[in-house]
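Input: a single structure, listed below in structure tokens.
Both backbone and side-chain heavy atoms feed into the values below; hydrogens, waters and symmetry mates do not.
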Amino acid sequence: MVFNVRESTRSIKREFPYEVEVTDHIWIPMSDGTRLSAKLWIPKSATTHPVPVILEYLPYRKNEFTALRDSIRHPYFAGHGYASVRVDIRGCGDSEGFIYDEYAKQEQDDALEVLDWLSKQQWSTGSVGMIGKSWGGFNGLQVAALQHPALKTIITLCSTDDRYADDVHYKGGAVLASDMLWWASTMLVYNARPADPENFGSAWRENWLERLEKTPPFVEEWMRHQRRDDYWKHGSICENYEDIKIPVYAVGGWADGYTNAVFRLMEKLKGPKKGLIGPWAHEYPEVAVPGPQIGFLQECLRWWDQWLKEEETGIMDEPALRMWLQDAVPPKTDYHIRPGEWVLEKSWPTQNTQEKIYYLGNHQLVTKSNYGIEKLKTHQQHGLYAGVYCPFGQEGDMASDQAIENGLSNTFTSKPLVKELSILGFPKVKLKVTSDRKRANLAVRLSDLSPEGTSKLISWGQLNLTHRNSHEFPEDVPVEEEFTVLVEMDAIGYKVPVGHCLQLSVSPTYWPHAWPTADEGEIFIIKDEDTQLILPDYTNTTKEQDIIPFEHPETAAVMEREIMREAGRTREINHNTVTNEWILNDFSDEGCRRLPNNGLEYGSTNKNVYRITEGNPLSASVQCDWTLTVGRKDWQTRLESSSTMTSDAQKFYVTSQLKALEGDNVLYDTCKTFEVDRDFN
């Protein structure tokens with residue numbers, strides 16, 4: 001469902017104030033002679049009555065892979081008086097050139113030239129807004145920081161201000177094993193697809209072979225930079241928030257992997273800003289699950305009208321931050337809806353949160369510190385029931401019942417609550433520990449134990465202890481010495497009911513989210529006043545009459561498509577009781593579709609296998625396999641990739657195999673190998 005359109009409760013709008021003209025392919029020239037491919041949705045009247053422009057700038061191929069989701073959104077904006085534009089990033093889709101990494105300077109420089117071009121078109125007023133989810137949310141922030149005069153505002157969804165802290169590479173300074181290779185393997189095969197001959201012309205095959213040869217496996221560069229150096233600072237707008245002077249609307253969801261940034265943006269940005277956090281996964285709020293979905297496109301129009309048409313819509317008179325405070329629910333691996341309520345805040349941080357502190361007792365969370373020492377359990381399989389790092393809302397994405405995980409970690413449980421507790425913000429754990437090794441990790445989980453005995457994951461965090469003082473300048477863990485660390489969990493909005501218990505779990509392992517250290521050391525928790533669970537206890541002061549309801553979700557009609565193969569998903573955990581090996585198999589079939597408007601057929605399958613043997617952290621391995629197809633009638637192409645990642649005590653090892661076929665003919669088949677030293681990991 002990543003690039004498909006989920007069926008939801010949205011209404012379909014078919015009549016608009018403006019008649020729209022669609023241009024499927026147009027070249028935007030760059031100063032170095034490279035041409036970028038764009039698709040335009042423009043009001044027909046715009047040639048005589050120019051309109052503002054909305055830009056979405058992505059590597060994900062406008063012709064087919066994002067065509068369905070584009071069809072419900074861009075015509076909607078255009079039908080309300082905007083020129084809506086989708087541009088393929090250099091080296092992707094039908095655009096010329098090559099892509100060498102994500103968020104490269106070239107990508108940003110090209111964006112500035114795209115803005116130049118858009119602002120000078122006959123149908124443009126010269127005012128541009130950018131919108132994007134994930135990659136498009138990232139580059140919206142990055143381009144905003146470059147202060148092009150035509151860019152007046154952005155809407156950024158599921159993105160981050162800090163590429164090292166909140167992306168699919170590292171988490172708390174530890175290699176994010178669940179996503180580091182997976183995302184790199186994804187982009188390896190995505191980037192390997194050919195341009196469409198009908199748009200690119202007769203040079204498409206020559207360009208395809210060049211694209212296959214020149215586009216590197218991104219994982220190699222990511223693994224060369226295991227600390228927060230200048231590589232990660234590039235594109236991280238947190239380096240200087242004051243670079244962004246235009247209005248920003250930041251949107252996230254509690255089930256997404258990028259929501260932390262919304263709070264930082266609301267705190268640090270100096271210009272006009274607005275924040276919205278729902279219960280959603282990594283998706284646009286008009287179609288996202290868990291619901292409730294909202295009329296997000298109408299909300300976007302209010303924002304665009306305010307800042308691109310300079311019409312007073314009242315959107316800036318409302319509280320700056322709106323969040324869905326979730327009710328407790330039983331643990332499930334997917335949800336159709338998460339019950340809760342909207343709360344409003346004028347700014348962030350808010351005075352409506354107070355620190356609520358628990359101490360660690362004898363397997364209990366207590367309100368008064370009692371001294372004790374406890375050795376952490378070390379189980380390499382711990383974490384298999386954590387769910388995926390960044391859910392898209394597919395079945396199987398969310399964390400399972402944490403009862404099994406709790407038995408594999410040191411878990412401390414509070415007494416049943418006598419008063420409802422609303423958690424809003426960042427839960428934190430301060431731990432005084434000792435270690436017998438120079439390398440060690442810590443993972444912490446906060447769960448809700450129901451009276452029925454089910455344990456629902458609320459939030460989690462992890463920290464590479466060599467990064468305890470700095471992600472840029474890691475240092476050895478002091479051996480056999482007491483030291484204190486602070487582990488921040490992901491921000492969350494969650495109401496723990498009366499009669500439920502809080503559970504804090506601590507472990508030195510969290511597979512497959514954290515790549516394990518080279519050997520199993522011993523870590524002890526010193527349970528005194530310096531070891532605390534710190535919760536943001538929220539008092540909701542929102543009055544019902546203060547909340548203006550969102551409109552019902554509404555979109556344009558999804559474009560016609562033929563289903564050639566249905567989508568599907570499986571996620572299985574297997575245990576070999578003879579070898580004590582644990583295997584997580586995660587398979588996703590995006591299905592196959594044909595688009596009658598251009599005749600393109602496309603589909604994909606992805607299988608990820610995570611292996612680890614109990615007692616042997618060096619047994620950790622990840623394998624990611626992809627198959628992608630793109631074609632039309634007699635022109636059919638197929639990409640197959642297989643990527644692996646392993647380690648020993650000194651190095652990480654990566655292989656990236658890629659095969660490209662035109663029909664039954666293999667045009668390209670190569671395997672690249674890479675190794676890099678473990679840098680405090």
Side-chain angles (χ1 to χ4, degrees), residues 59 91 98-104 163-164 167-192 211-229 231-232 380 383 388-390 439 441 464 466 474 510-519 581 583-586 606-613 616-628 639-660 668-681:
F98 309 98
I99 182 169
Y100 297 105
D101 202 352
E102 56 184 7
Y103 318 124
R163 293 182 55 211
Y164 187 82
D167 202 1
V168 292
H169 315 101
Y170 299 90
K171 179 79 169 175
V175 174
L176 193 60
S178 57
D179 284 60
M180 170 72 80
L181 184 70
W182 170 75
W183 184 239
S185 73
T186 303
M187 291 311 300
L188 176 68
V189 73
Y190 277 13
N191 294 335
R211 185 178 287 187
L212 288 163
E213 188 62 42
K214 290 186 176 181
T215 306
F218 291 174
V219 66
E220 297 181 4
E221 195 66 17
W222 300 343
M223 288 299 296
R224 288 190 184 100
H225 301 274
Q226 295 172 42
R227 58 181 76 185
R228 194 181 185 279
D229 55 15
Y231 174 81
W232 299 110
Q380 296 301 329
V388 302
Y389 172 73
C390 182
R439 303 287 182 270
N441 292 329
N464 176 344
T466 68
Y510 204 42
W511 178 257
H513 285 337
W515 196 278
T517 51
D519 56 9
E581 182 183 42
I583 305 172
L584 171 60
N585 288 296
D586 190 340
N606 170 221
K607 183 178 181 181
N608 307 303
V609 182
Y610 304 90
R611 297 174 179 268
I612 201 160
T613 299
N616 182 10
L618 294 180
S619 66
S621 73
V622 181
Q623 180 171 336
C624 303
D625 296 338
W626 277 92
T627 300
L628 264 68
L639 285 305
E640 299 173 357
S641 73
S642 184
S643 304
T644 65
M645 183 169 172
T646 59
S647 69
D648 59 25
Q650 289 78 39
K651 294 178 179 289
F652 290 100
Y653 302 92
V654 179
T655 66
S656 303
Q657 184 170 5
L658 180 64
K659 180 189 291 187
Y668 182 86
D669 189 358
T670 190
C671 183
K672 298 180 180 179
T673 61
F674 170 76
E675 62 182 59
V676 65
D677 289 341
R678 299 179 74 134
D679 184 11
F680 287 89
N681 254 296

Nearest atoms (heavy-atom pairs only) where [X] meets [Y]:
| X | Y | result |
| --- | --- | --- |
| Lys672 | Thr215 | NZ-O, 4.2 Å |
| Ser656 | Leu188 | CB-CD2, 4.0 Å |
| Ala514 | Asn441 | CB-ND2, 4.5 Å |

Only residue of Arg163, His225, Glu102 satisfying side chain to side chain donor-acceptor pair (under 3.5 Å) with His169 is Glu102
Non-hydrogen side-chain atoms of [X] and [Y] separated by less than 4.5 Å:
| X | Y | value |
| --- | --- | --- |
| Trp182 | Asn606 | yes |
| Asn608 | Val622 | no |
| Met223 | Met645 | yes |
| Val676 | Gln226 | yes |
| Pro474 | Asn464 | no |

Set of residues satisfying ring pair (Phe, Tyr, Trp, His ring centres under 6.0 Å) with respect to [X], sequence neighbours excluded:
| X | value |
| --- | --- |
| Tyr610 | none |
| Tyr100 | none |
| Phe652 | Trp515 |

Check the pair Ser643 / Val219 against side-chain contact (heavy atoms from CB on, under 4.5 Å), numbers first and verdict last. CA-CA 10 Å; Ser643 304; Val219 66; over 6 Å; no
With sequence neighbours excluded, tell me which residues meet side-chain hydrogen bond (donor to acceptor under 3.5 Å, both in side chains) with Asn585. none
Check whether the side chains of Thr644 and Thr655 place a donor and an acceptor atom closer than 3.5 Å, and report yes or no. yes
Distance alone, cut at 3.5 Å: any donor-acceptor contact between the side chains of Asp101 and Tyr231? yes
Set of residues satisfying side chain to side chain contact (heavy atoms under 4.5 Å, CB included) with respect to [X], sequence neighbours excluded:
| X | result |
| --- | --- |
| Lys651 | Asp648, Tyr653, Glu675, Asp677 |
| Ser178 | Leu176, Tyr389, Pro512, His513 |
| Glu640 | Thr627, Arg638, Lys659, Leu661 |
| Ser619 | Ile612, Thr613, Asn616 |

Tell me every residue that passes salt bridge (charged side-chain N to carboxylate O under 4.0 Å, His left out) with [X], counting only those two or more places apart in sequence or in another chain.
| X | value |
| --- | --- |
| Lys607 | none |
| Glu221 | Arg224 |
| Asp669 | none |
| Arg228 | Asp162, Glu239 |

Test side-chain contact (heavy atoms from CB on, under 4.5 Å) applied to Arg439 and Arg678, step by step: CA-CA 11 Å; Arg439 303 287 182 270; Arg678 299 179 74 134; over 6 Å; no
Would you say the rings of Trp626 and Tyr190 are close, in the sense that their centroids are separated by under 6.0 Å? yes
Could you tell me the separation between the CG atom of Leu658 and the CD atom of Glu213, rounded to the nearest 0.5 Å? 10.0 Å
Using the six-membered ring of Tyr164, assess whether NZ or CZ of Arg227 lies under 6.0 Å from its centre and within 45 degrees of the ring axis. no
Before giving the answer on side-chain contact (heavy atoms from CB on, under 4.5 Å), spell out for Leu212 and Leu639 the whole-Å C-alpha distance, their side-chain angles and the decisive distance to 0.1 Å. CA-CA 10 Å; Leu212 288 163; Leu639 285 305; 4.2 Å; yes
Within the side chain of Asn191, is there an N or O that forms a donor-acceptor pair under 3.5 Å with the backbone of Gly91? no
So does Val168 get a backbone contact from the side chain of Asp179, meaning a donor-acceptor N/O pair under 3.5 Å? no
Of Asp586, Leu181, Val189, Val609, the one forming a side chain to side chain contact (heavy atoms under 4.5 Å, CB included) with Cys624 is Leu181
